[in-house]
Amino acid sequence: MDSLPARLFLLACEVEKEQLKWGDQLGYAIRAGTLAELAARGCVADDKGRVRAVGGHRTGDPVLDGALRVIAEHPRARRWHTWVQRERRQTCLAVEEQLAAAGVIRVESRPLRRKRITVRDRSVPGALRAEAVATLTGGEPVARVEPSRAALASFAALARLCPELGWRVRHQNRRRLKELTARAGVAGPALKKAMDARAAANNAGAAGG
């Protein structure tokens with residue numbers, strides 16, 4: 001389970017509380033991660049700011065292939081940030097089911113409470129968070145950072161998936177965060193745009209209320 005969507009899901013798991021706290025934010029990150037993974041595998045490409053399926057490729061990963069099928073069958077090509085915003089809940093659930101089927105996590109539904117999500121190897125979420133923090137705060141030239149590592153760190157930071165990537169860390173490393181976001185590929189700036197739109201809508205709603 002080393003795809004970017006799966007790694008982002010596991011990074012967001014709270015081991016001690018056995019739950020996911022970051023539902024909607026995680027949805028944005030996982031959608032962006034799905035697009036980044038598809039682009040890295042040559043299944044989608046940028047066409048003047050829009051996502052195009054390329055050559056009928058398949059990955060063998062049900063989450064990625066499900067997203068790719070929707071993109072390929074859509075009658076109009078859509079912009080990257082639009083695909084980040086769409087089907088967030090469905091994609092999160094697909095990743096959850098994939099990880100559960102593989103035995104990486106155990107999921108227990110509870111009436112009127114959040115699902116209990118237990119990670120079999122409790123060290124994994126912390127290791128992924130540590131990797132993201134090290135990538136964001138480290139001194140390695142961004143040009144040498146693998147795009148998948150850049151995506152894990154920048155997407156986790158932009159979607160605020162863990163306290164280790166809180167406001168102070170993001171602010172102190174804002175220039176590097178911007179560079180890592182670009183290094184992640186077209187899906188990186190698309191996630192930033194989608195998260196900014198989400199924040200603007202939330203602020204407008206608060207002001208209107």
Side-chain angles (χ1 to χ4, degrees), residues 1-15 22 25-52 54 57 59 61 63-64 67-68 79-85 91 95 119 121 123-199:
M1 296 295 101
D2 59 355
S3 73
L4 185 53
R7 295 176 78 213
L8 286 164
F9 186 101
L10 290 169
L11 178 148
C13 287
E14 294 190 307
V15 172
W22 321 95
Q25 296 159 233
L26 178 60
Y28 282 91
I30 283 183
R31 286 293 296 176
T34 300
L35 291 171
E37 189 84 23
L38 288 171
R41 297 185 186 209
C43 298
V44 298
D46 180 66
D47 181 7
K48 299 178 180 178
R50 299 178 186 274
V51 185
R52 294 277 186 189
V54 178
H57 294 301
T59 68
D61 182 305
V63 174
L64 299 177
L68 179 59
R79 297 192 178 278
W80 291 80
H81 71 273
T82 301
W83 283 120
V84 170
Q85 294 167 323
T91 307
V95 174
V119 183
D121 185 344
S123 69
V124 169
L128 289 169
R129 294 181 184 192
E131 177 187 333
V133 171
T135 302
L136 180 57
T137 62
E140 181 181 6
V142 170
R144 296 183 184 175
V145 176
E146 294 178 357
S148 62
R149 270 203 301 134
L152 182 76
S154 60
F155 293 5
L158 290 170
R160 306 178 186 183
L161 297 186
C162 59
E164 293 88 342
L165 293 169
W167 179 86
R168 186 178 298 276
V169 174
R170 297 195 308 272
H171 181 72
Q172 290 175 342
N173 298 277
R174 56 192 181 278
R175 179 175 178 180
R176 186 171 175 85
L177 175 56
K178 183 176 181 180
E179 293 172 352
L180 288 168
T181 301
R183 178 67 174 160
V186 186
L191 174 59
K192 175 67 165 58
K193 186 171 184 177
M195 293 302 299
D196 287 347
R198 175 184 183 272

Fill in the blank from the handout: Between A153 and L165, the two heavy atoms sitting closest are O-CD1, 4.3 Å
Fill in the blank from the handout: Closest non-hydrogen contact found for A159 with Q25 is O-NE2, 2.7 Å
Would you say [X]'s side chain and [Y]'s backbone share a donor-acceptor pair under 3.5 angstrom?
X: R176; Y: L136; value: yes
X: R129; Y: E164; value: no
X: R52; Y: D47; value: no
X: R31; Y: W83; value: yes
X: R7; Y: L4; value: no

Problem - pair Y28-Q85: side-chain heavy atoms closer than 4.5 Å - result: yes
Problem - Nearest-0.5 Å distance, OG1 of residue T181 to CE of residue M195 - result: 11.5 Å
Exercise for the section: Using a strict cut-off of less than 4.0 Å between a Lys/Arg side-chain nitrogen and an Asp/Glu carboxylate oxygen, indicate whether R41 and E37 qualify as a salt bridge. Expected result: yes
Problem - Carboxylate-amine/guanidinium proximity below 4.0 Å for D196 and K192 - result: yes
Exercise for the section: List in chain and number order the residues that pass salt bridge (charged side-chain N to carboxylate O under 4.0 Å, His left out) with D2, two or more places apart in sequence or in another chain; answer none if no residue qualifies. Expected result: none
Practice task
Decide whether D61 and T59 meet the rule of one side-chain donor and one side-chain acceptor closer than 3.5 Å.
Solution key: no
Problem - Criterion salt bridge (Lys or Arg N to Asp or Glu O under 4.0 Å) on E179 and R175, from CA distance to verdict - result: CA-CA 6 Å; E179 293 172 352; R175 179 175 178 180; 3.5 Å; yes
